[in-house]
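Chain identifiers are assigned alphabetically (A, B, ...) following the order of the sequence lines, protein sequences preceding nucleic acid strands; residue numbering begins at 1 within each chain.
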Amino acid sequence: MANKKNGQLRDIWRRLKRNRLAMVGLVILILIVLVAIFADVIAPYPYDLQNYSDVKQWPSSKYIFGTDNFGRDIFSRVIYGTRVSLQIGFISLSVGALVGSIFGAIAGYFGGWVDTVIMRFTDILMSIPKIVLAIAIASTLGPGLVNAMIAVAISSIPNFARVVRASTLTVKDQEYIEAAIAIGAGNSRVIFRHIFPNILAPIIVQATLGVGVSIILAASLSFLGLGVEPPTPEWGAMLSAARTYIRDEWYMVLFPGLAIMITVLALNLLGDGLRDALDPKLKN
Amino acid sequence: MNDKDKPLLSVRNLTIHYITDNGVVKAVNDISFDLAKGETMGLVGETGAGKTTTALGIMNLIPNPPGKIINGEILVDGKNILEFNKYQTRKYRGNVASMIFQDPMTALNPILTVGEQIAEVSRYHNKLSKAESYVKAAEMLELVGIPSERINEYPHQFSGGMKQRVVIAIALACNPQLLLADEPTTALDVTIQAQVLALMGDLIKKYGTSMVLITHDLGVVTEICDRVAIMYAGQIVETGDLEAVYEHTKHPYTKGLFGSLPRISDKTSRLNPIDGLMPDPTNLPNGCPFHPRCPDKMPECESRVPANTEIEPGHFVRCLLYE
Amino acid sequence: MHKLLEVKNLKKYFETKNGLLHAVDGVNFYINEGETLGVVGESGCGKSTLGRVVIRLLDATDGRIIFNGQDITNLKDKRAMRKEMQIIFQDPFSSLNPRMSVSQIIEEPLRIHQLCNSDTEMKSRVSELMDTVGLASRLADSYPHELDGGRRQRIGIARALALNPKFIVCDEPVSALDVSIQAQILNLMMDLQEELNFTYMFITHDLSVVKHISDEIMVMYLGVMVEKCNADELFEHTLHPYSKALLSVIPEPTIRKTKERTLLQGEITSPINPKPGCRFAARCVYAKELCSQVTPELEEIMPEHYVACHYVKEINGL
Amino acid sequence: GSNGGQEAPAGGSDTSTSGGSESKGAVTPVDKKDLLFAIDQEPASLDPYMHTKQQGFTVGTLIFETLVKKDASGEFIPWLATEWEFVDDTTIIFKLRDDVTFHDGSKFTAEDAAYSLSLGATSSFSKTVFSSIDPDNTKAIDEYTLELKLLNPYAPLFEALSSFRGAMLCKDARESMGESEYGRAPIGTGPMKFVDWVSGDRIELEAHDGYWGEKLPFETATARIIVESNSRSIELETGGVDIAMELAFSDWDRIEENPETILISGESQSSTFILLNNSMEPFNDIRVRQALAHAIDMQALVDIVFQGNAMVADSYYIPSIIGHKSVGPMEYNPEKAKQLLAEAGYGDGLAIDFYTYEHPIHSVVGEVLQSMWGAVGVDVSIKVVDLATQTDLNNSGKVSTAHMSPAVAIADPDAALMIWPTWRTISIRHNDEHVQELLDAGRATYDEEERAKIYGELQEYLFSKTYSIPVAFPRAAFGTRDYIEGLEFNAALVPDMTTVRFK
Amino acid sequence: MLKFTIKRILVAIPVLLGVTLLVFTMLYFTEGDPARLILGDTATEEEVEALREELGLNDSFGQQYISYLGGVLKGDLGVDYITGRPVSEEVMDRLTTTLKLAVASIVFSMIVAIPAGIISAVRQYSAVDNIAMVIALLGNSMPNFWLALMLILFFSVFLGILPASGLYGAQYYIMPVIGISAGSIATITRMTRSSMLEVIRQDYIRTSMAKGLTEFLIIVKHALKNALIPVITVIGIQFTVAVGGAVVNEQVFAIPGLGKFLVDAIKARNYQVVQGGVLVIAIICSIVNLVIDLLYAFVDPRIKSQYQKSGKIKRIRMVKEEG
Ligand SMILES: Nc1ncnc2c1ncn2[C@@H]1O[C@H](COP(=O)(O)OP(=O)(O)OP(=O)(O)O)[C@@H](O)[C@H]1O
Ligand SMILES: Nc1ncnc2c1ncn2[C@@H]1O[C@H](COP(=O)(O)OP(=O)(O)OP(=O)(O)O)[C@@H](O)[C@H]1O
Ligand SMILES: [Mg+2]
Ligand SMILES: [Mg+2]
C-alpha cells in the first residue's frame with residue numbers, strides 16, 4: 001500500500017523534479033531547515049552574547065558576518081534567526097491555514113447562509129490591508145512573538161478560506177462525493193475523508209507561498225516595532241535595529257536581509273513548482 | 001489504389017510516439033492509407049487506439065514535446081506536409097486541410113463572437129477585408145443552418161448542437177479539400193447527432209471535400225462513410241469499403257467489436273465481448289499487438305508482426321491468418 | 001409480482017437564477033423486484049435527477065416514493081435505507097475518490113455501516129467483492145488513476161454491492177466505456193442480477209443498450225414520462241412521436257438500413273418554467289393547437305403500454 | 001508630467017529635482033530664495049501652548065517671537081519687550097514694542113502678551129514651566145505695558161520667557177479661529193508667516209512683509225517631515241534639503257566629514273535615566289535599587305547606546321545648568337550588586353520587566369541591561385509595547401523599569417528635575433516629601449548661590465536613595481549644507497531658525 | 001448591468017458595517033489611552049480624565065459605536081484627536097497622494113508583469129521563463145523596507161540621480177513605484193503565467209492553431225483575453241494593497257500616504273482616524289471589487305450575460321495568493 005501511495009507522490013515528484021527552479025528552491029529550503037535544526041552546532045557564539053570590546057566589527061575570520069552594535073556575532077544571530085523566522089512563518093501559517101481551511105470547507109460544502117456569513121467575514125478581513133490588519137491585531141494584543149504570530153495567522157485566514165472554498169465547490173460537484181453520501185457517509189466524513197484530501201494541492205501551494213508572506217509580514221511588524229521581544233534574533237527585528245547603520249556598517253543590514261530574501265525566494269520557487277506539479281491541468 | 005484519381009491524401013508508414021516520463025507511448029505505429037478526392041473514410045477504434053494522434057499528425061499539430069513523428073510521410077496533393085516550413089504549414093492548416101475537434105463545448109473560444117471565429121479564417125487565408133469576411137461568415141452560418149442574425153452572439157448563447165455546427169462552419173470556411181472530423185458527434189445527443197451527421201454528409205457532398213471521420217461508433221460510420229479503417233493499438237488492422245468490413249469481417253478484433261455491440265434487431269441475452277483490455281501503449285506486446293486477446297491466436301502471432309494484406313480488392317487485413 | 005419501488009407524481013424543481021427548473025415533473029412508475037426499468041431520453045431531460053431523487057440523494061419537491069412498502073419520501077434517518085438502495089455512476093473517473101485505494105473505496109461502506117467485526121473479516125469481504133466484479137485481487141492497493149475505465153467501473157459496482165442492496169440505480173454506467181468493455185460490464189451486471197436478484201433502474205441514452213438489458217422501458221422528455229411499456233413492445237409498437245423519432249435515428253452498425261429516419265428539428269428546449277401543454281409540441285411533426293395548450297395525461301393505450309400524447313391513436317392509426 | 005499639479009515645496013524642486021549630483025557644489029546660494037529644512041516628526045499643532053514637540057517649536061521660531069531672548073553670553077536681552085522691572089518678587093512690569101504687527105495685520109499689544117502668558121499658566125502642555133504665573137491677575141496696564149503677576153517667586157521665569165515656550169500669540173485670531181484651527185494655521189509676529197500645511201508632508205511659510213525687524217534672506221521656508229533618519233540624512237547629503245534636524249548618531253561622522261555638509265552638534269539639556277518603580281516590589285527595597293545600579297557598566301552602556309556621543313551622567317541634570325553637582329555614577333561592581341541582592345533576599349535571582357517601545361535608544365538600553373543585569377542574576381524580560389501603551393502604563397504606575405529621556409523644556413534645574421515632584425503620575429512613585437520640599441525651595445529662591453546649594457543637596461539626596469539611575473548626558477546634532485551659516489545649536493533642540501543665513 | 005451594479009453596492013454595505021465594527025472592537029480592547037498620550041507625562045490625572053470625557057472615551061462600547069455610526073451616516077467621520085481636525089479632511093489629504101502612487105505602481109507593474117508572464121508561459125521551463133520568474137520572485141522575496149533603503153542607497157546616494165524622499169514631481173515617483181511594485185509584479189507575473197498556461201492547453205487554442213493562425217495572433221487574440229480574468233483579480237487585489245498597505249514604503253520615502261497615516265494612528269490610539277482611514281480603504285476596496293466585476297463582464301461575455309440576466313452575484317474569483 002505504501003509503495004502505491006508513493007507511486008502517486010512519485011508522479012508529483014517527477015514533475016517537480018523537472019522544474020529546475022523548484023529544485024533549487026527545495027535544496028535551499030532543506031539547507032535552511034537543517035541550519036535551523038542544527039543552529040546550536042553551527043553558530044559559533046550564543047546569539048545574545050554581548051561583547052563590548054568587539055562592537056560593530058566588520059566581517060572577518062573571527063566574525064564572518066561581523067558584529068552588531070552590541071558586539072554580538074551577526075552570523076550566530078542569523079543562524080538562530082533561521083529558527084525564529086521559520087517558526088514564525090510555519091506556525092503562524094499553519095494556524096491560519098487550518099482555521100481558514102476549515103472555514104472555507106464549511107462555507108463551500110454547506111453553502112447557503114453559512115457560506116454567506118463566512119464569506120462576508122472574509123470580505124471584511126480582506127478589505128483591510130494585510131499589514132494594517134496585522135498591525136491593528138498586534139496593537140490590540142500587544143507586541144511579542146506569540147502575538148505577532150497570532151496577528152500573522154489571522155491575516156492569512158481569509159486567503160485560505162477563499163482558496164479552500166473555491167476548491168471545495170469544485171470537488172463537491174464530483175460524483176465521488178455523491179457516491180460517499182449514497183453509501184451513507186456523514187458530513188464530517190465527507191469533508192475530512194473525501195473533500196480535504198482532494199483539495200490538499202491548492203492548500204499546499206498556498207501554504208508554501210504563504211510561509212514566505214508570513215515571514216515577510218512578521219519582519220515588517222518587527223520593522224514597525226510590533227514584532228518579537230529582544231534579544232530574540234528575528235531577522236526582521238535585526239534589520240530594523242540595524243537600519244540606522246545601513247550607510248556605514250551596511251553588513252549589519254545585508255545579512256539578515258539576504259537571509260529573508262533567500263528563504264522567501266526558496267519558498268516561492270518551491271511553491272510555484274508545486275503549483276505546476278500538483279495542477280493536473282498542467283500535466284503534459 | 002486502382003486506376004482511380006491520384007489520392008488526395010496519402011499516409012505512408014506513419015509512426016508517432018509521445019516521449020513521456022513514464023515511457024515512450026507508441027501511439028501510431030506504421031500506418032498507411034490513401035484517401036481519394038471526395039471520399040469519406042471512417043477511422044474507428046477504441047480509446048487510445050491512436051485516432052486523434054493520426055489526425056493531428058495529418059494537420060502537423062502533434063504537440064512537441066512530448067509528441068514526435070518518428071517516421072513516415074503525409075502526402076497531400078503529392079506534397080509531403082511534414083517538410084513544410086512554418087509559413088507553408090500555416091497556409092496548409094485551415095485552408096487545405098481543416099479539423100473538427102471532438103468537444104464543441106470547448107473547441108470554441110468563449111470570448112469571441114462566433115462570427116469572428118468563422119470570419120478570421122477566411123480573413124487570414126483569403127485576405128478578405130473585415131466586412132467581406134463577415135459576409136462570408138454569415139453565409140457559412142446559414143449554410144450550417146444557423147440564422148445569420150446570430151453572427152454576433154457568443155458560444156455560450158448556443159446549444160451544443162449549434163456549437164458543433166459553428167465548428168463545422170469554421171472548418172469549412174475556406175473550402176478545404178480535406179476535412180478531419182475527430183468524433184464530431186460524440187458529445188451530442190442522438191437526435192442532434194443525426195442532424196449534424198446529415199448536415200455534414202450534405203456539405204461534403206456539395207463541396208466534394210474528402211473526409212476522415214474519426215469515431216468509435218460503428219453505427220455512425222454506416223451513416224456517412226464510403227470506407228472504414230479499424231484501428232487497434234496504433235495500427236490499422238482492417239480496412240475496406242463498408243460492405244467488406246461489415247459483412248465480410250476478417251480480423252478477429254473487428255469481429256470482436258461487432259460481437260460486443262448490443263443490437264436492437266436481435267435479442268441476445270449475453271453479449272460476446274473481446275476478453276481483456278487494450279495493451280499499454282508504452283509496452284506493446286511483441287508480434288501482433290492483438291494476440292493476447294485474440295481467440296484465434298497462433299504461436300507465430302507472438303513473434304511476428306503481420307503485414308498489411310489485401311485479401312480482396314480494396315480490403316486489407318493485418319493478421320497472420322490471412323497472410 | 002412484488003412492487004419493490006413505486007413512485008407517485010414525483011416532482012423535482014431546482015431554483016435557478018433564471019427561474020424554477022422543472023427537472024422532473026410528475027413522474028409515476030413502479031418497478032417489480034428483480035426486474036430492470038430502463039430510462040431513456042435526451043441529455044437534460046431529468047433522468048439523473050429522477051434517479052437521485054428516488055434514492056434520496058436529492059429531496060423531492062413533491063410526490064411520494066414508496067420502497068418495499070415503506071414511504072421513504074421524507075425519511076429522516078436514511079442510514080438503513082442507504083443499505084438497501086445504491087447507485088452506480090456514469091463517469092468511472094470522477095465517481096471514485098482519487099486519493100483512496102481500491103480497497104479503501106470498497107471498504108468504506110462496510111466501515112460506515114459497521115458491517116464487519118474485524119479487519120480480517122473486512123479484508124476477506126473486500127476480496128470477495130472484488131472477485132464478484134472480476135477485479136484481480138492484486139489491484140487492491142492500486143489507485144483509480146492507475147486503472148482503465150472498465151476496471152474503475154467495476155470498483156464502482158463493487159462499492160455499490162458491498163452493502164447488499166436490493167435496488168440499484170445505474171446512471172449511464174457504460175456510456176463512458178468502449179464497446180468491448182461496455183459489453184463486459186453489461187454482462188457482469190446481468191449476471192449479478194440473476195445471481196443476487198437485484199432490481200435495477202437503468203438510466204441511459206443508448207437505446208440498444210437499454211433494450212438489451214431492460215424488462216420495462218420508460219421514455220422521458222423534458223422532465224416528464226412520455227411512454228412506458230415492455231422493452232420489446234416499445235421497439236415493436238412505438239407509439240409516441242418522440243419515441244418514434246428517437247428510435248429512428250439510432251445509428252445501427254449495419255449497412256442495410258431498413259428504417260425511415262425522422263430527423264427532429266431543433267433541440268430540447270429549456271426546462272425552466274415550462275409552459276403548459278405537451279413539452280414535445282415544439283419539435284413534433286404532428287403537433288396541433290391542442291398540444292401547446294393542454295398537457296397530455298399518461299394513458300394506457302395498449303395493455304401495460306402507457307403513452308402521453310393527445311393524438312397517439314390517430315398517429316398510429318389505432 | 002508633474003503628476004497632478006502637486007507643487008514642489010517652495011524651491012525644493014530646484015535643488016532636489018535636479019538631483020543630488022548636480023547640487024553637489026553646483027548650488028549658488030546667493031540667489032537662493034528659499035529655505036528647506038527637514039524635521040523628524042509631524043507636529044500635532046504649531047500653537048506653542050498646545051503641544052510639547054520640539055519639531056513644532058522649531059518651525060514656530062520663524063512664526064512666533066518671545067518677549068525676551070537670551071544672547072550668546074547667556075544674558076537676557078529685549079525682544080518684543082523693550083524693558084522690564086521687578087516691582088516685587090511676584091510682580092514684573094514689561095514695556096512692549098509699539099511697532100509690531102501680526103501676520104493678519106493687527107497690532108501686537110499688551111493684551112496679547114497677557115493672553116499668551118495666562119494661557120501658558122493654564123495649558124496642560126506648558127504649565128510645567130509657567131505654573132507660577134497668576135493667570136487672573138496678569139494684565140495689560142496700557143496698550144504696550146504688561147503687568148506679570150506670579151503666584152509665588154519663580155526663579156526660572158526669564159529662562160522660561162526667553163524659551164520658545166513663551167511665544168506671543170494673537171489673542172483675537174486665536175479666539176476667533178478656535179485653538180485647533182489656530183494651531184493648524186497660526187498667526188504670530190515672526191518674520192515668516194504661515195502659508196500651507198500638507199498633512200504628513202510639509203509646512204510652508206513665506207516672508208511677512210510687515211515684519212518689524214530685520215528681514216530674513218529667504219522668501220519662503222519649508223519644513224519637510226521626514227521620519228526615517230536615514231532618509232533625512234540622505235536628503236541633506238544629496239542637497240534635497242538645506243538643514244536636517246535630529247541626525248541619528250550613526251550619521252554624524254559622515255555629515256561631519258562631507259565637505260558639503262556641516263554638523264552642528266552640542267550637548268542636549270535633557271538627560272536620560274533608568275526609571276525604577278519605587279512603589280513596586282522589589283524596587284521599594286533600596287538594596288535592590290543599588291544592586292541594579294552597581295551592576296551596570298555605565299561607560300560601556302553609554303558608549304554602545306550613544307555611540308560615543310554622550311557623557312556618562314554623574315548626576316540628575318547636565319553640568320551647564322546651575323546647581324549641578326557631580327554625585328555619581330555608582331561604581332560598577334557586580335560582586336557588590338550580587339551581595340546586595342542576596343541581602344535583599346534575591347540571592348537566587350530575580351525576574352523583572354523592562355518596558356520599551358519602538359525607539360532607537362530605549363530598546364538598545366534594554367538589551368544591554370538585559371545582558372548586564374543578567375550577569376548578576378537578574379533576569380530581564382523586555383516588554384516592547386507601543387508608545388501609547390507605554391505612556392498609559394507609565395502614568396498608571398505599572399511600569400517596573402524603563403529607560404527615559406524626558407525633554408527638559410528650559411535650561412533650569414526646576415525644569416530639569418521635572419520628573420521628581422510627588423504629584424507626577426509617572427511610575428517612579430517615590431513619594432518622598434523631602435524631595436518635594438527641596439524642589440519647592442529651589443523654585444522659590446532667586447539667589448543663585450543659595451539655589452545652587454539647595455539643588456546640590458537634592459542631587460545628593462536623590463543619589464543616596466537611588467530612586468532612579470542616571471544614565472547619560474547625550475549630545476544631539478543638526479546638519480546643514482555648507483552654504484548655511486548662523487544656525488546655532490540649541491540645548492533644548494529648538495534651534496532659532498531666524499538666525500539662518502546663506503553664505 | 002445597472003441592476004447588478006446597484007445590488008453589488010448594496011451588498012458592500014454590510015461588509016463596510018462589519019469593517020467598522022471589527023476595527024472598533026479591536027481598538028476598544030487595545031491598551032493605551034489616547035488622552036494620556038496627547039497630554040503627555042506631565043498632565044495630572046484630572047486633566048487626562050477631563051480630556052477623556054471630552055473625547056467621549058468614557059462612554060460605553062455601544063454608545064461610542066452608535067454615536068460613531070450616527071456620525072458616519074451623516075458624513076461625519078469624527079475628529080483627529082491629535083490635530084483636532086475633521087478625520088475626513090485628514091484622510092482625503094492622504095488619499096489623493098496614495099491614489100496617485102497606487103495607480104502609478106499598478107500601471108508600472110502591469111507593464112512589466114503581463115508581458116513577462118506571457119513570455120514565461122509561452123516558453124515554459126525555458127531559460128527566459130526561469131529568468132523572468134526569478135526576477136519577479138526576487139521582488140517579492142525582499143522585505144519591503146530593505147528594498148526601499150537599498151534603492152535609496154543606490155539611486156540617491158551612489159548615483160545621485162533620484163531624489164530620496166517626497167513626492168513632488170515625476171522623478172520622485174520612480175523609487176516608491178519600484179518599491180511598491182516589487183511585490184505586485186511578482187504576483188501578477190505568476191498569475192499571468194499560470195493563467196496563460198492553463199488557457200494555452202484549452203481546446204480552442206488548438207482550434208485556432210488548426211485554423212493556421214500565427215502564433216502571435218493566437219496568443220494575443222485567443223489566449224490572452226481568456227487568461228485575463230484571474231489576472232484582473234490579482235491586479236485589483238494588488239491595487240488595494242498599494243492603497244493601504246504601502247506603509248513601509250511611505251515611511252522610508254517620506255510620503256504622506258494613507259497606510260503610514262493609519263499605522264501611526266493605530267499607534268497613537270487615534271481611534272477616529274483609524275476608523276475613518278480603514279473605512280475609506282474598505283470603500284475603495286469595494287469600489288475596486290466592483291470595477292473588477294464589471295471588467296470581468298467586459299472581458300468575458302458569459303459573465304456579462306450572467307449579470308444582465310439578473311442582478312444575482314456570482315463572483316468568479318481566483319484568489320490564489322496575495323502579496
Ligand atoms: N500529449 C500526449 N502525451 C502523451 N501521450 C499522449 C498524448 N496524446 C495522446 N497520448 C497517448 O497516445 C495514445 C493515442 O492517443 P489518441 O488520443 O490518439 O487516441 P484516440 O484513439 O484518439 O483515443 P480517444 O478515443 O480516447 O480519443 C494514447 O495512449 C494516449 O494516452
Ligand atoms: N443541482 C442542480 N441545480 C440546478 N439544476 C439542475 C441540478 N441538477 C440538474 N439540474 C438540471 O435539471 C435538468 C435535468 O438534469 P439531469 O442531470 O437529471 O438530466 P439527465 O437526463 O441526466 O441528462 P444527461 O443525459 O446529460 O445526464 C437539467 O436541465 C439540469 O441542468
Ligand atoms: Mg481522440
Ligand atoms: Mg445524467
Side-chain angles (χ1 to χ4, degrees), chain B residues 52 55-56 58-63 65 84 86-114 116-126 152-157 163 166-167 170-171 173-174 176 179-182 187, chain E residues 1 121-127 129 195-233 293-310 312 314 316 318:
Chain B
T52 302
L56 288 176
I58 298 170
M59 290 300 287
N60 199 359
L61 265 179
I62 298 287
F84 282 177
K86 241 187 181 168
Y87 176 77
Q88 287 170 314
T89 304
R90 283 208 299 270
K91 290 281 114 186
Y92 164 73
R93 287 182 195 154
N95 198 16
V96 177
S98 56
M99 183 156 171
I100 298 173
F101 292 101
Q102 174 166 4
D103 188 353
M105 309 299 159
T106 58
L108 291 174
N109 191 328
I111 57 162
L112 295 177
T113 61
V114 295
E116 173 62 23
Q117 296 189 55
I118 302 170
E120 70 174 349
V121 197
S122 52
R123 193 156 73 230
Y124 186 74
H125 287 294
N126 302 346
N152 285 324
E153 291 186 7
Y154 290 93
H156 73 271
Q157 291 161 295
K163 279 189 218 171
V166 172
V167 173
I170 292 174
C174 284
L179 183 62
L180 303 162
D182 188 1
Chain E
M1 213 67 159
V122 174
R123 308 261 175 269
Q124 195 188 4
Y125 298 134
S126 72
D129 177 23
S195 178
M196 278 296 281
L197 281 176
E198 206 168 313
V199 169
I200 285 174
R201 283 162 172 75
Q202 297 293 316
D203 280 357
Y204 52 80
I205 297 299
R206 205 170 53 173
T207 307
S208 65
M209 281 159 74
K211 286 176 181 174
L213 305 181
T214 58
E215 193 182 357
F216 181 79
L217 203 61
I218 292 171
I219 285 167
V220 172
K221 182 172 167 186
H222 287 264
L224 183 58
K225 217 175 157 198
N226 273 296
L228 232 41
I229 290 220
V231 177
I232 290 175
T233 311
D293 283 345
L294 294 178
L295 276 179
Y296 288 167
F298 183 72
V299 170
D300 191 331
R302 286 168 297 185
I303 299 178
K304 186 171 183 174
S305 74
Q306 223 174 56
Y307 291 173
Q308 280 163 344
K309 268 188 209 145
S310 67
K312 205 138 202 165
K314 185 179 175 214
I316 299 139
M318 289 184 55

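- Only the backbone of L108(B) comes within less than 4.5 Å of a heavy atom in chain E; its side chain stays farther off.
- Interface remark: of the candidates K225(E), K211(E), H222(E), K211(E) forms the most heavy-atom pairs closer than 4.5 Å to chain B.
- Nearest heavy atom pair, residue I232(E) against residue Y296(E), reads CG2-CE2, 4.2 Å.
- The residue among M105(B), K86(B), E120(B), H125(B) with the most heavy atom pairs within less than 4.5 Å of chain E is E120(B).
- Heavy-atom distances place no part of Q157(B) under 4.5 Å from chain E, backbone and side chain included.
- Counting heavy-atom pairs under 4.5 Å between each of D103(B), I100(B), I170(B), N95(B) and chain E puts I170(B) at the top.
- Most heavy-atom pairs under 4.5 Å with chain E, from the set P110(B), S98(B), G94(B): that is P110(B).
- Contact record, Y124(B) with T214(E): OH-CG2, 2.9 Å, taken as the closest heavy-atom pair.
- Contact of V299(E) with chain B is made through the backbone alone, with heavy-atom distances under 4.5 Å.
- Between R90(B) and E215(E), no side-chain nitrogen of the basic residue sits less than 4.0 Å from a carboxylate oxygen of the acidic one, so the salt-bridge criterion is not met.
- For I205(E), no part sits under 4.5 Å from any heavy atom of chain B, backbone or side chain.
- With respect to chain E, the highest number of heavy-atom pairs below 4.5 Å among A107(B), A171(B), A173(B) belongs to A107(B).
- Side-chain contact annotation: N152(B) with T113(B), donor-acceptor N/O pair under 3.5 Å absent.
- No other option in N109(B), L180(B), T106(B) has as many heavy-atom pairs under 4.5 Å with chain E as N109(B).
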- Task: Would you please test K163(B) and E153(B) for salt bridge (charged side-chain N to carboxylate O under 4.0 Å, His left out) and show each step?
- Result: CA-CA 11 Å; K163(B) 279 189 218 171; E153(B) 291 186 7; over 6 Å; no

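- Under the 3.5 Å distance criterion, the side-chain polar atoms of R93(B) are matched with a main-chain donor or acceptor of N60(B).
- At distances below 3.5 Å, not a single donor-acceptor pair connects side-chain atoms of R206(E) with backbone N or O atoms of Q202(E).
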